[in-house]
Amino acid sequence: MEKRRTHTFARDRFYVTTPIYYVNDRPHLGHVYTTTLADVLARFHRLAGRETFFLTGTDEHAGKVVEAAEARGLTPRAWADANAAAFRGSFERFGIENDDFIRTSEARHIERVKRYLAPLLESGDVYPGEYEGWYDAGQEEYVADGRAAANEFRSPVSGRPLLRRTERNYFFRLSAWAEPLLALLEAGDVFDVAPAARKNEVIARVRDGLDDVPISRAGFDGWGVPVPGEPGHTVYVWIDALCNYLSAVDTDARRHLWPADVHLIAKDILWFHAVIWPALLLALGRRPGLQWVRLPRLVYAHSFWVREGAKMSKSLGNFVETEHLSEHAEALGVDAVRWFLATRGPLGTADGDFSDASLIAAHDADLANGFGNAVSRVAAAIARWTDGRVPAPRAEAETTDETAAAARELRAAAGRAPVAVASAFEAIDIHGALAAALELVREVDRFVERTAPFRLAKEGPARRADLETILHHAAEALRIASLLLWPAIPAGVATFWGRIGRDEWGDALADRGRGDLACWASWGGFVGGEPFAKGPPLFPRAGSGRR
RNA sequence: GGCGGCGUAGCUCAGUUGGUUAGAGCGAGGGAUUCAUAAGCCCUAGGUCGUAGGUUCGAGUCCUACCGCCGCUACCA
């Protein structure tokens with residue numbers, strides 16, 4: 001389909017963002033999806049020991065927010081407070097640990113948007129002009145020329161004729177940045193867009209040339225960011241919203257975090273993130289005192305969820321609500337939801353189908369029958385034959401050649417896995433990263449089948465060294481696999497760590513702390529004598545068994 | 001209309017710069033086991049690689065046409 005490209009991130013830090021969500025929306029699958037992906041990435045980089053910053057938030061400055069508030073007899077502030085809280089709440093429910101939650105209505109943000117606009121006005125990157133376009137009075141918005149023509153100059157919503165309207169507002173000189181942007185996109189080493197198909201779309205459009213874009217709206221009703229020096233104008237919400245990525249880290253304590261490593265978005269807002277935002281940053285970076293403002297390294301646009309083949313939309317009313325996801329989380333644990341989103345979602349250019357059955361199937365196949373069962377069988381073996389303690393490894397000379405060979409191969413697989421997982425995560429190939437982690441679990445299952453410790457146990461002391469080597473290796477490989485799986489299924493893995501006497505890892509990573517993956521995931525963490533306790537299934541099967 | 005992409009086993013998809021018998025996961029069928037969450041492991045899919053041509057010693061992998069599907073075509077977050 002397309003070639004994945006590895007993006008090399010700064011080694012010691014990682015900054016990932018989600019879009020800030022429209023505060024008039026109720027949180028649904030789409031929001032939880034993007035945010036979960038960001039959380040998985042952020043957790044991986046934290047685990048790897050990097051200074052990680054994961055930002056999400058809400059976009060609040062739209063005229064419709066004021067309307068929605070008025071309709072409910074609330075102030076925009078109160079309405080936004082309630083809905084922003086709803087977003088925060090649903091994210092918390094799925095184990096998402098963002099480092100900050102920015103709201104565009106916050107003073108820290110508004111103040112900085114003004115601070116970014118002022119120098120651009122001064123330099124002429126932003127200039128006053130006249131915008132003429134097809135206006136949909138019912139929607140109170142302009143309709144793009146192409147779209148207006150396609151609709152025979154009638155409102156796509158109401159069907160009423162569109163009005164030709166002229167408005168005085170401020171423009172961003174986007175046209176000036178087409179060439180530099182194209183060069184950057186084609187090189188792809190400083191600023192990049194992924195997946196490749198999305199990048200191609202952007203390049204094709206930028207190649208056709210760019211028009212200047214209006215970035216303000218006439219009128220200011222106290223909700224929004226006033227244009228500096230022109231208090232009767234409001235900064236267009238999109239421009240306002242994009243600035244959040246920068247404004248959130250534009251403090252002495254955080255400025256070093258910029259540029260963002262990944263802006264994770266859905267494909268519908270690619271244009272703003274892949275063209276307008278970088279152009280704005282290029283312009284900003286030229287202003288005195290703002291040279292630290294560089295381009296984000298990567299804009300990654302995933303696709304949409306569909307439900308049983310049908311697009312989710314307000315008109316169909318078929319959104320997968322957060323409440324619905326919560327039911328799955330209650331039945332199977334949050335990890336089940338996270339795992340499904342992270343491994344089966346529309347990460348590439350194709351839309352992905354959501355169904356309850358596929359969520360449960362993913363949980364059963366990978367978590368219950370996979371990781372959970374492997375942990376269970378190894379824990380039971382250790383409980384029965386080595387008193388619940390991980391045996392110390394034995395010298396190869398003490399075991400048969402067959403045992404030694406199998407052990408060597410498992411150890412090699414455990415060495416390859418962290419490398420494969422890391423490089424997949426670097427390429428935002430979350431499916432690939434988690435598949436690589438799960439592959440190590442499969443290796444353990446194959447290893448157990450091949451070496452059959454349950455048979456050796458019956459052969460008495462003669463095979464004791466083999467038995468101990470086998471159990472040590474199986475435990476060790478699962479220990480390493482658990483680290484690699486943690487970003488996606490932190491709850492179950494934390495429980496597992498408790499059983500193997502590694503609560504310290506959970507402690508280190510708690511409260512957004514950092515780990516030391518290179519050290520933790522290296523072979524030899526178990527020296528012998530550690531617990532590997534049995535316990536209730538980490539991921540109890542939901543479906544019935546086979547046969 | 002323009003630009004771009006896709007169409008590979010029942011399902012979801014991998015298939016490097018063209019080269020031995022086209023792969024994985026899930027599902028389905030079969031088998032040997034029994035430590036484990038009726039889990040795990042092994043074997044099996046005889047797939048016209050959308051269709052028709054072409055280039056080549058050789059094409060799923062390049063070219064052309066056609067059929068079907070999809071994305072983008074600038075300001076709805």
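We name chains A, B, ... by the order of the sequence lines, and we start the count at 1 in each one.
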Taking only the [atom1] atom of each, what is the distance from [N] to [M] in whole angstrom?
| N | M | atom1 | answer |
| --- | --- | --- | --- |
| B:G25 | B:C41 | P | 9 Å |
| B:A36 | B:A9 | P | 40 Å |
| B:C49 | B:A59 | P | 12 Å |

Which part of the nucleic acid, if any, lies within contact of [X], taking any heavy atom under 4.0 Å across all strands shown: a base, the sugar-phosphate backbone alone, or nothing?
| X | value |
| --- | --- |
| A:G535 | nothing |
| A:D211 | base |
| A:L210 | base |
| A:R384 | sugar-phosphate |
| A:F172 | nothing |
| A:P536 | nothing |

Subject >> Distance-only donor-acceptor test (3.5 Å): side chain A:E449, base B:G40 >> reply: yes
Can you check whether [X] has a side-chain N or O nearer than 4.0 Å to OP1 or OP2 of [N]?
| X | N | answer |
| --- | --- | --- |
| A:K199 | B:G4 | no |
| A:R205 | B:G4 | no |
| A:N369 | B:G40 | yes |

Subject >> Euclidean distance, atom CG of residue A:D268 to atom C1' of B:A74 [Å, nearest integer] >> reply: 14 Å
Please determine, for the side chain of [X], which listed nucleotide ([options]) has the closest atom?
| X | options | value |
| --- | --- | --- |
| A:W271 | B:U37, B:A74, B:C35 | B:A74 |
| A:N200 | B:U37, B:A36, B:G4 | B:G4 |
| A:L174 | B:A74, B:U37, B:G40 | B:A74 |

Subject >> All salt bridge (charged side-chain N to carboxylate O under 4.0 Å, His left out) counterparts of A:D211, not counting sequence neighbours >> reply: none
Subject >> First encountered from the 5' end of RNA chain B, between A:I276 and A:F539 >> reply: A:F539
**OP:** Select from A:A204 and A:K458 the residue whose nearest nucleotide in RNA chain B is closer to the 5' end of that strand.
**Re:** A:A204
Original post:
Which dot-bracket notation, 5' to 3', represents the base pairing of RNA chain B when pairs are defined as Watson-Crick or G-U with both distances under 3.5 Å, crossing pairs as [ ], and inter-strand pairs as |?
Top reply: (((((((..((((.....[...)))).((((.........)))).....(((((..]....))))))))))))....
